[in-house]
Amino acid sequence: MPRANDDAAALLQEYADLLAITGGDAFKARAYEKAARAVGGYHADIATLDAKGLREIPNVGKSIADKVEEYLTTGRVALIDEARAAIPPGVRELTAIPNLGPRKAMLLYDELGIASVDDLAAAIRAERLRGLKGFGPKTEQNILHSIDVLKRSSGRRLINKAMDVAEQIVADLSAIDGCERCTYAGSLRRMRETIGDVDILVAAESSAPFMATLVDLPHTAEVIGHGDKKTSIRTDQGLQVDLRVLPPESWGAGLQYFTGSKAHNIRTRELAVRAKLKLSEYGLFEAESGKTLASRTEEDVYARLGLPWIPPPLREDRGEIEAAQRGELPDLVTEADIRGDLHTHTNLTDGLSSLEDMLAAAHARGYAYYAVTDHAPDLVMQRMTTEKMLAQRERIAELQGQYGKMRILHGTELNIAPDGGLDWPDDILAGFDICVASIHSHFNQNRADITKRLIRACENPHVAIIGHPTTRRIGKRPGIDADWDAVFDACARTGTALEINSHPERLDLRDEDILRAKRHGVKFAVDSDSHSTTHLPYIRYGVGSAQRGWLEKDDVINTWPLTKLRRFVRKGGS
DNA sequence: GCCGTTTTCGGCCCGACTGTTTTCAGTCG
C-alpha cells in the first residue's frame, strides 16, 4: 500500500517547486525539498507518528511538522493549496522537461502565457519564442526533443507505483467472503519496467461484491465502466485498474489470458489451433465438440498445449515457446536466491539513513553479506574525503559481527571520469572489499569516447561492477550511447559484472540489454542502490528485470557464497 | 525553513556545463 510518507513527500516537493517557480527564497525551497526526501525515505510510517515523532525526521522542523500534521488530519495543507492556486498546474508541468527549470518556466508563463507542455510545443513551432531572453534556436530544438521523450513515456507508470496500488487492491478483495483466488495479472505480473494499467483477477462464484468494493475504494476517483464481468476505475493518481471476476473453474485460463503478453498469447493460440483446439480466457476446448480440456490452472492449460508452465517474465514471444518445447526454459533467478546487496549508500554521502540503520535493515532481510558503497571524492557535491572513507571503514570493522552472521563489506561507488579515470589511485582502491564504478555526468560524449571510457573502467583491476551502466532514467533521460557489444565483451574478458540497478526509476540494465550481455558471457549484480532503508526491497524489481533477461542463479554474482564472490571481485589477482 | 552552535543568527553540497551572452543565468548532479 502506498504509505502516507509518499503522499506527504509529493506535497512537500510540490510546494518546493512552487516556491522555486515564484522566485521565493531559494534556501526555503531547498529546505522543503530536503524535507520531502527525508519524509519519503523515512523508515517509519508517518501516519503512526505524533508531532514529536514527526520532528525527529531529519530536516523536518516545527513549520514543516505542522504542515505534515495538518495533512495527516485533514488531507490537505492550506498554505500549499493557496500556492497552488496562484500558478496554473501546467507551469509546474513544464519543469518536467529536462533542462527547463523553474525560472524559465515562469518566464514562459509571464511573457507568453504558456501554461502547459502542449502550449510550449505550439509556441515554439509558431516561432513565438523568438526574441525571448535566454531562448535561442538551440534551446528551442532541445526543448522540442525533450517534449518528445516525455510524450513517449507518458501514460505509463513506474512499476513500484503500480505494484503498490495492485497489492493493496488484491489485499482488499482477498478479504471478501467468497473470494477463492485473487491476484494481479498483465504487464505487472510479467514485471515490465513500466505499467499502462493494472489488471486484477478474482475467482469467485458471484462477482457483485468485488465490483462494488472496487468502486467504493478510497482511492477510486472515477468509474470508467461497471459491469458484471468487468469493472474499470481510475485512481486519484490517474492509474486505470481493470477488475475481472472469473468462475473458479476458469481461473487458470483467465490468468493465462490476462497475463499476456499479447504476442505470447497469439503464439499459444496458434499452438491450440494447430492441435484443433480453441484457447480463450474461459479455457482450452476441443474445437469441434466444445469439450473443455483444461482451464482450472495455468499449468493444466500449458500442459495440454504440450508445454511446461512458463514464468510470466518470459512471456514476451522472445523464444520462450520454442525453449519450452525443447525443454530448455531457464531456471530463473529468484529474489530468495539473492544473498546480499552490493550497491548501497548511507548518510555519509547522499543516503538518508545511518550506517547502523542500513545494516539493521539489511540484516532483517536475511542477507549473508552487504556492501556499503558510498560515493567517492570526484562527485564533489557529496563532499567525500579519504579521511571520512577511512573512518567509515573503521566503524564497519567495529560493527562486524554485530548483525548476526551478516558480513559487512566496505565498498565505494566510484565516478567514471570522461577519460575513464576513477576517484582514487590503485593503492587506495585496493583497500576496499568491493568497488562499483558508475557514470554520473558527461552523458553526451560521442559513442567512441563513451565506449573507451567504460572499457577503461572495466580494465581497472579493482572495479568489480559497473553501476547503472546506461545511466538512463525512465521517462526522463535516455541512456548514454555506447558500442554495447564492445563493452559487454570487455566485461566478459576482464571479469567485470554489470549491474542491474533495481531502483524503479532506473532498472538499468534493461531486459533487452541483459539478454544481449548474457550472450557475451557477462555476469551480473542485482543491486538496490538504496539511499534509505525503505529502498532495500526494490531489489524485487531488479530481480524481475533479471528474469525478463532470462538470467539464472549462477549468472548473478550476489547469489553466490561469499568466498566465490570474493574470488570474482579479485578479478584473477591475488 | 532547518540546523547547529559561536545559543540567536548565519550558512545552507559546489562545481561544471550549456547556450546564451559579451560576462552570465539557469540547470544539473
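Convention: sequence-line order gives letters A, B, ...; per-chain numbering from 1. What you see is a predicted model, and the numbers here were worked out from it, not measured in a lab.
Between the CD atom of Glu33(A) and the C1' atom of dC13(B) there is a distance of 12 Å, rounded to whole Å.
The separation of dT7(B) from dG1(B), taken at their P atoms, amounts to 24 Å, rounded to a whole angstrom. If you take atom C1' in dG10(B) and the same atom in dC17(B), they sit 30 Å apart, rounded to whole Å. Comparing the P positions of dC12(B) and dT23(B) gives an interatomic distance of 29 Å, to the nearest angstrom. Taking atom C1' on both dC13(B) and dC3(B), the two are 15 Å apart, rounded to the nearest angstrom. The gap from the P atom of dA16(B) to that of dT20(B) amounts to 22 Å, rounded to the nearest Å. Separation of the C1' atoms belonging to dG11(B) and dT5(B) is 12 Å when rounded to the nearest angstrom.
With salt bridges taken as basic N to acidic carboxylate O contacts below 4.0 Å, none links Arg548(A) and Glu193(A). With respect to the salt-bridge test (charged N to carboxylate O, under 4.0 angstrom), the residues Glu335(A) and Arg365(A) qualify.
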Base-contact (B) and sugar-phosphate-only (S) positions in nucleotides 18-29 of chain B, heavy-atom cut-off under 4.0 Å, - elsewhere: -SS-----SSSB
Let me check something: any side-chain donor-acceptor pairs from residues 133-144 of chain A under 3.5 Å, sequence neighbours excluded? List them with distances.
from: Glu140(A); atom 1: OE1; to: Arg130(A); atom 2: NE; distance (Å): 3.4
from: Glu140(A); atom 1: OE1; to: Arg130(A); atom 2: NH2; distance (Å): 3.2
from: Glu140(A); atom 1: OE2; to: Arg130(A); atom 2: NE; distance (Å): 3.2

For residues 424-436 of chain A, tabulate all N or O donor-acceptor pairs below 3.5 Å that involve a side-chain atom, not counting sequence neighbours.
from: Trp424(A); atom 1: NE1; to: Thr386(A); atom 2: OG1; distance (Å): 3.0
from: Asp426(A); atom 1: OD1; to: Asn460(A); atom 2: ND2; distance (Å): 3.4
from: Asp433(A); atom 1: OD2; to: His410(A); atom 2: N; distance (Å): 2.7

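Residues forming a side-chain hydrogen bond (donor to acceptor under 3.5 Å, both in side chains) with Ser187(A) (at least two apart in sequence, or on another chain): none. In this view, Tyr370(A) and Thr344(A) satisfy the side-chain hydrogen bond (donor to acceptor under 3.5 Å, both in side chains) rule, not counting sequence neighbours. In this structure Asp25(A) satisfies the salt bridge (Lys or Arg N to Asp or Glu O under 4.0 Å) test with no other residue, sequence neighbours excluded. In this structure, the side-chain hydrogen bond (donor to acceptor under 3.5 Å, both in side chains) partners of Asp17(A), at least two apart in sequence or on a different chain, are Gln13(A), Arg92(A). Under the rule for a side-chain contact (heavy atoms from CB on, under 4.5 Å), the partners of Thr471(A) that lie at least two apart in sequence or sit in another chain are Ile439(A), Phe443(A), His468(A), Arg477(A), Ile480(A). Under the side-chain hydrogen bond (donor to acceptor under 3.5 Å, both in side chains) criterion, Arg493(A) pairs with Glu459(A), not counting sequence neighbours.
Sorted by first and then second residue, the ring pair (Phe, Tyr, Trp, His ring centres under 6.0 Å) pairs involving residues 42-74 of chain A (not counting sequence neighbours) form an empty list.
Using the Watson-Crick or G-U wobble rule with both distances under 3.5 Å, dT18(B) pairs with dA25(B).
Only Pro58(A), Asn59(A), Val60(A), Gly61(A), Lys62(A), Ser63(A), Ile64(A), listed by number, bring a heavy atom of residues 56-77 of chain A to less than 4.0 angstrom from any atom of DNA chain B.
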Short heteroatom pairs, N/O only, protein and nucleotides 5-12 of chain B, under 3.5 Å:
none

